[in-house]
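Input: a single structure, listed below in structure tokens.
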Amino acid sequence: MPRKKKAAHTLEKALPVTGANGQHVAELPVLAYDGDLDIRPVSPADFDADTLLRVYRTMLLARRLDEKMLTLLKQGKGFFHIGGAGHEAAQAAAGLLSKPGFDWFWMYYRDLCTYLMLGGRPEDVLLAHLAKADDPNSGGRQMPAHYSDRAKHIVTPSSSVGSQFLPALGLAMGIQRRGETAYVYCSAGEGATSQGAFHEALNWAARIKAPVLYFIQNNRYAISVPIEEQTAGGNPYKLGAGYEGLARIHVDGTDFFKAYAATRAAIEHLRAGKGPVLLVADVVRLLPHSSSDNHAKYRLPEELEKDRQLDPILRMEQALQEAGLLDAEQIEEIRREVRRKVDEAARWAEKQPDPDPSTATRYVYFEGTLDLEYEKSTPSGPPVVMVDAINHALHEEMERDDRVIVYGEDVADPKGGVFTATRGLSKRFGYDRCFNSPLAEASIIGTAVGLAACGFKPVVEIQFADYIWPAMQQLRNQVAPFRYRSNNAWECPIVIRVPCGGYIHGGLCHSQNIEGIFGHMPGYKIAMPSNAADAKGLLKTAIRMRDPVLFLEHKALYRAAAARTPEPDADYLLPFGKARIVQEGTDLTIVTYGMMVHKSVSVARRLAREDGVSIEIIDIRTIIPLDIDTILDSVRKTNRVLVVYEDHEFAGFGAEIAAQIASRAFEYLDAPVQRVAGAFTPIPFADPLERAVLPQDEDILRAVRALLAY
């Protein structure tokens, strides 16, 4: 743990700032340093002239780009701008000290100067602003200022505030696993530290000494909300005090030399493996929050003027003049040079092609070939229950590929998961490849994103589907659009194993079905096997895929005799998007999946015995992609169809199946498409109540007979 020592360098004076309501808001950032690490001050004499002039030019370039993009907006060119004016000195220091292509970067939308310091070009910035086809960040798919560059290790960001904290930790975990001296730069504004993900990330990072720099650029406003209405203690620096193992630094981020000294101390600490650093740089926001904001509504002219007095570019110019490296004439010449450069880049960018509308739906999923051979053998091993088949699949895939790592709540030995699906993995492969996470679902998913981005294959477990919801920020805004928003530059091939479903007397929060919600999120592949052989074959394929997979496992089937099958061998793979015809029939088709497969089989046998009816049953096996062709072929043969699923009938995934059938096979139907599904209610605990709201055999039986009589 870093020693808690008040840094010797506290400074100067405090300038009081009064907000629009006349109350005291904050002190302007005039301290030098505060925190836990020894910081060696620097001055212009500690740099060669070329380096300082490069830094100065880059700061000017960032400022001029902000100005130019706002001008273009006024001319009707572009749609949105969010600037970093006032943040340049702190960003320039961080960029100068970092190694693109070796270190890793998860930036936020004000990091323009950091991006330029790492080698980003003004042309790239303007292509993004104008949403051109060759925008290297996203091909026009994201808003501007979402910096991404795979070669430089700048990972594609989400717009969602604070969503980068946990993925950046995942990157740091990957660095640790490889034994590298790289570090992760994760930046955010002070408002983002109000997000719970910030504290989850600090907790886990501090515990494992992760090499991640949480670089908080404190401009005192979260859009219009001042910091005293956001943050206990008035500064996010104070929020990190309770995390043992976390070093903290507080610095004046408007002074390049102070910011450099503080950031250097932080990065040296990180590269030495001493744990994470929270570095809070006090900066000024010289522009409104964005082009959609007017800060004159909530900031007084006097306050804005005091911020302008701390303009980091003016402070840099003064320092360089005092050091004899620049004079007024040279400053003006450099400013003219930067203006010319930006104007030329803008004229060039305006001439570049817009994205082709035909590409708008590309790169939602991996578009290449996986080079996998499916169903090479017939499952013929000893009978196995579904949970053991899943366990064996994990063993085999971890043996095959040492990039595969398994983690989640209670998954490590000796527990081996609450359902024993991960039993024996830690003992066989080590506790570094199968380990327990904190009890924090957002942390599990978020760190998996970062690990996948740097080359690992996380297979994570959410203990119950009912508890996946704290991770929705990561699941919806990070994982699902990861490939799309980067224009295919990045991918997020994680597997999320989720026990789901009812019929176990689990009550409201241990019985939920979630496929309908996630089936509505472009980017996921979703599987829900109904038996042991399918579970093993689909899980092994999922681990080898290059898209995120939601792998749903019905808890009531884990040890059910009906789901027991001969075990497939280690080479057995099943394709996603290929349904299984459970049994053939001629009178009616049941389309179903998961637990409902077995209820449908039971009903079909009874109907055959009592009524002489021939039922065809299709187990779709995967929700996304859906094998609609097999379904339609069956409907064309039987002319009647019943969709059976466990989730709520209203807006459940079965409704989509029914709509597809009605739209694409209407002329073959002799009766309306019907559904049997759960009631639109939470799932209660008591057995009579649970039975009342979940589909039962008798419900399916009545529906089939009614359809046949239509």
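Remember, predicted model here, so these are calculated numbers, not experimental data.
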Within a strict 4.5 Å, meaning less than it, do heavy atoms of the [X] and [Y] side chains meet?
X      : Y      : value
Pro41  : Tyr33  : yes
Phe256 : Val42  : no
Leu52  : Pro44  : yes
Leu202 : Pro276 : no
Leu550 : Ile468 : yes
Val495 : Lys457 : yes
Val161 : Tyr109 : yes
Leu96  : Phe47  : yes

Restricting to non-hydrogen atoms, name the atom on [X] and the atom on [Y] that form the minimum distance, rounded to 0.1 Å.
X      : Y      : value
Ala448 : Pro458 : O-CG, 3.5 Å
Ala182 : Pro211 : O-CB, 3.9 Å
Ala262 : Ile249 : O-CD1, 3.4 Å
Leu169 : Ala201 : CD2-O, 4.0 Å
Arg248 : Ala241 : CD-N, 3.7 Å
Tyr467 : Cys509 : OH-O, 3.2 Å

Looking at [Y], is its backbone amide N or carbonyl O close enough to the side chain of [X] to form a donor-acceptor pair, meaning the two atoms are under 3.5 Å apart?
X      : Y      : value
Arg483 : Arg546 : yes
Gln474 : Ile445 : no
Thr420 : Gly416 : no
Lys238 : Ala232 : no
Gln195 : Gly162 : no
Ser511 : Leu508 : no
Asp66  : Gly84  : yes
Asp46  : Ser43  : yes
Asp466 : His510 : yes
His395 : Arg423 : yes

Starting at [atom1] of [X], measure out to [atom2] of [Y] and round the result to the nearest 0.5 Å.
X      : Y      : atom1 : atom2 : answer
Phe105 : Leu118 : CZ    : CG    : 4.5 Å
Ile543 : Arg400 : CD1   : CZ    : 7.5 Å
Arg428 : Arg433 : CZ    : CZ    : 9.5 Å
Asp149 : Thr156 : CG    : OG1   : 11.5 Å
Glu88  : Thr254 : CD    : OG1   : 11.0 Å
Leu37  : Glu268 : CG    : CD    : 9.5 Å

Suppose we screen for ring-ring contact (aromatic ring centres under 6.0 Å, His included). Which residues come up paired with [X], at least two apart in sequence or across chains?
X      : value
Phe435 : Tyr407
Tyr56  : none
Tyr115 : Tyr147

> Using the benzene-type ring in the case of Trp, are the ring centres of Tyr108 and Phe215 under 6.0 Å apart?
Replying inline: no
> For the side-chain contact (heavy atoms from CB on, under 4.5 Å) test, which of Val479, Asp547, Val549 pairs with Tyr524?
Replying inline: Val479
> Run the side chain to side chain contact (heavy atoms under 4.5 Å, CB included) check on Arg497 and Thr422 step by step: do they pass?
Replying inline: CA-CA 11 Å; Arg497 292 184 42 253; Thr422 55; 4.0 Å; yes
Check: [X]/[Y] side-chain N/O donor and acceptor closer than 3.5 Å:
X      : Y      : answer
Asn218 : Tyr237 : no
Ser224 : His289 : no
Gln478 : Arg485 : yes
Ser148 : Trp490 : yes

>> Pair Val449, Leu166 - check side chain to side chain contact (heavy atoms under 4.5 Å, CB included), show working.
In response: CA-CA 8 Å; Val449 174; Leu166 289 161; over 6 Å; no
>> Any carboxylate oxygen within less than 4.0 angstrom of a Lys/Arg side-chain nitrogen, looking at Glu303 and Lys306?
In response: no
>> Looking at Asp36 and Lys274, is there a salt bridge between them, counting it only when a charged N and a carboxylate O are closer than 4.0 Å?
In response: no
> What residues form a side chain to side chain donor-acceptor pair (under 3.5 Å) with Arg271, not counting sequence neighbours?
Replying inline: Asp103
> With sequence neighbours left out, which residue pairs that include part of residues 163-179 fulfil the side chain to side chain donor-acceptor pair (under 3.5 Å) condition?
Replying inline: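 The answer is Arg178-Glu180.
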>> As a quick check of understanding, evaluate side chain to side chain contact (heavy atoms under 4.5 Å, CB included) for Phe198 and Ile216, giving each step before the final call.
In response: CA-CA 11 Å; Phe198 176 69; Ile216 307 303; 4.2 Å; yes
>> Tell me every residue that passes side chain to side chain contact (heavy atoms under 4.5 Å, CB included) with Asn219, counting only those two or more places apart in sequence or in another chain.
In response: His87, Arg110, Glu190, Tyr221, Val283, Arg285
>> Between Tyr431 and Asp413, is the side chain to side chain contact (heavy atoms under 4.5 Å, CB included) condition met? List the steps.
In response: CA-CA 8 Å; Tyr431 286 83; Asp413 293 318; 3.6 Å; yes
